Amino acid sequence: MTQEIHGTVADGFEGVREEFAAFAARERRERPDYEGQLCAYVHGRRVVDLWTGPDVTAESLYGVFSCTKGAAHLVAALLVQDGTLEPDRKVTYYWPEFGAEGKGEVTLRDLLAHRAGLIGLDAGFTREELADDRVIAERLADQRPFWRPGTAFGYHALVIGALTGEVVRRATGRTLQEVYEDRVRAPYGLDFHLGLPESEEPRFRSVQPMAPTPEQQAVLDGLPTGPHTLSSIAFNTHAPDAGGLVDHANTRLVRAKGPASAGGVASARGLAGMYAAAISTVDGRPPLLKPDTIAEVGQLHSVGYDLVARAHKAFGLGFQATAENWYPFLGAGAFGHSGAGGAQAFADPRSGLAYGYTRRRSAFPGGAAPENAGFVRAVHRAALAL
């Protein structure tokens, strides 16, 4: 069944529409229900705004999993820029209880760069606990790190937003979600929510689980697993009745509270619009981040073997290093965050590009969906040609 590609592209970006349409046609040969959104800004101007799928509009909202971490760390960046947070202070300066079990020397920079070793709990979290950043932070304060802080790094998949958020709360007296709403989402009218109002629920498209081919399932079955591995602890799969990421996004309690690691809800417009606001003048508003702050968050902080991902990864200050992890043709200092279901979002300050992509069905093999590579290359090529 053919599905129309809706939306617009600016002059010079026609190749992006062609790339999006070609992928959608290929994908639907095996998965006729494919739906997704693609949006991009260049120097604060929206140049790509596309969507496809039954009943999908530009205003449809999706669970974007770890793309949420980008919003969380934009808040942290703003507070660093203000002088409210200082990356090289110890976390205990803001949050004294954090120092238990040998964590007293951990700096905020270590924490944001996934070097603290505090990836989860020995016993795991309940589903309800993972919806509440305050509870996550309180329980982690007493947890012994899984490696000596600062000696290595590993993806704090379900907890980094709560850890960052507790520092924000201690420093400002407000939750990370409240600061984000007041300083980022509301001023720009962004469809990127850390706490989705009940009134917006009709726009939410429930996440669909991955539908791997037999060959893809064989790859998944061959991955090393075990209930006591760092990966299991980081993704909470060792916990009794842990549920899964799809269940997490599809739970109203999670969407209502907007936990800052993986509980955000957004459209592609919302994802791209946030990064455009971060680095560019949008609708007459100056960039949220100053050049020095953009350089700080995009600077490589943790590069090498990620103990949780069991692969080579790169992080800036809270953000993923987008060029080093996925798209080496992007400029140095590109920063953003992908999501487990396939979503991708980032800013490339050197080209002025801000990018957002969502899809409903979780992509194989997890993380940024493979089709992003073609979309990003097409958008970036057109942006450079402007």
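Predicted, not measured: the structure shown is a model, and the values here were computed from it.
When the side chain to side chain contact (heavy atoms under 4.5 Å, CB included) test is applied to A71, the partners found at least two apart in sequence or on another chain are Y180, F192, L194, M274. D247 is linked by a side chain to side chain donor-acceptor pair (under 3.5 Å) to nothing, counting only residues two or more places apart in sequence or in another chain. Residues forming a side chain to side chain contact (heavy atoms under 4.5 Å, CB included) with R109 (at least two apart in sequence, or on another chain): P87, D88, T107, R115, E296, H301, L317. With sequence neighbours excluded, the residues forming a side chain to side chain contact (heavy atoms under 4.5 Å, CB included) with R361 are R31, D33, Q208, P209, A211, R359, listed by chain and number. E200 meets the salt bridge (Lys or Arg N to Asp or Glu O under 4.0 Å) test with R203; sequence neighbours excluded. With sequence neighbours left out, the side chain to side chain contact (heavy atoms under 4.5 Å, CB included) criterion links P149 to V106, P145.
Pairs passing the side chain to side chain donor-acceptor pair (under 3.5 Å) check and including a residue from residues 325-336, sequence neighbours excluded, read Y327-Q344. Listed by first and then second residue, the side chain to side chain donor-acceptor pair (under 3.5 Å) pairs involving residues 372-386 are Y355-N372 (not counting sequence neighbours). Pairs engaging residues 242-262 under the ring-ring contact (aromatic ring centres under 6.0 Å, His included) rule: none recorded [sequence neighbours left out]. Among residue pairs with one or both ends in residues 64-96, those qualifying as ring-ring contact (aromatic ring centres under 6.0 Å, His included) are W95-F98; sequence neighbours excluded.
Hydrophobic cluster membership of V265, counting Ile, Leu, Val, Met, Phe, Trp and Tyr whose side-chain heavy atoms lie under 4.5 Å apart directly or via other members: L61, L196, F204. Cluster partners of F146, using a side-chain heavy-atom cutoff of under 4.5 Å among ILVMFWY residues and allowing indirect links, are I119, W147, F153, Y155, L230, I233, F235, Y305, L307, V308, F315.
T175 and R134 form no side-chain donor-acceptor contact under 3.5 Å, judged by distance and modelled atom types alone.
Under the 3.5 Å distance criterion, the side-chain polar atoms of H114 are matched with a main-chain donor or acceptor of H156.
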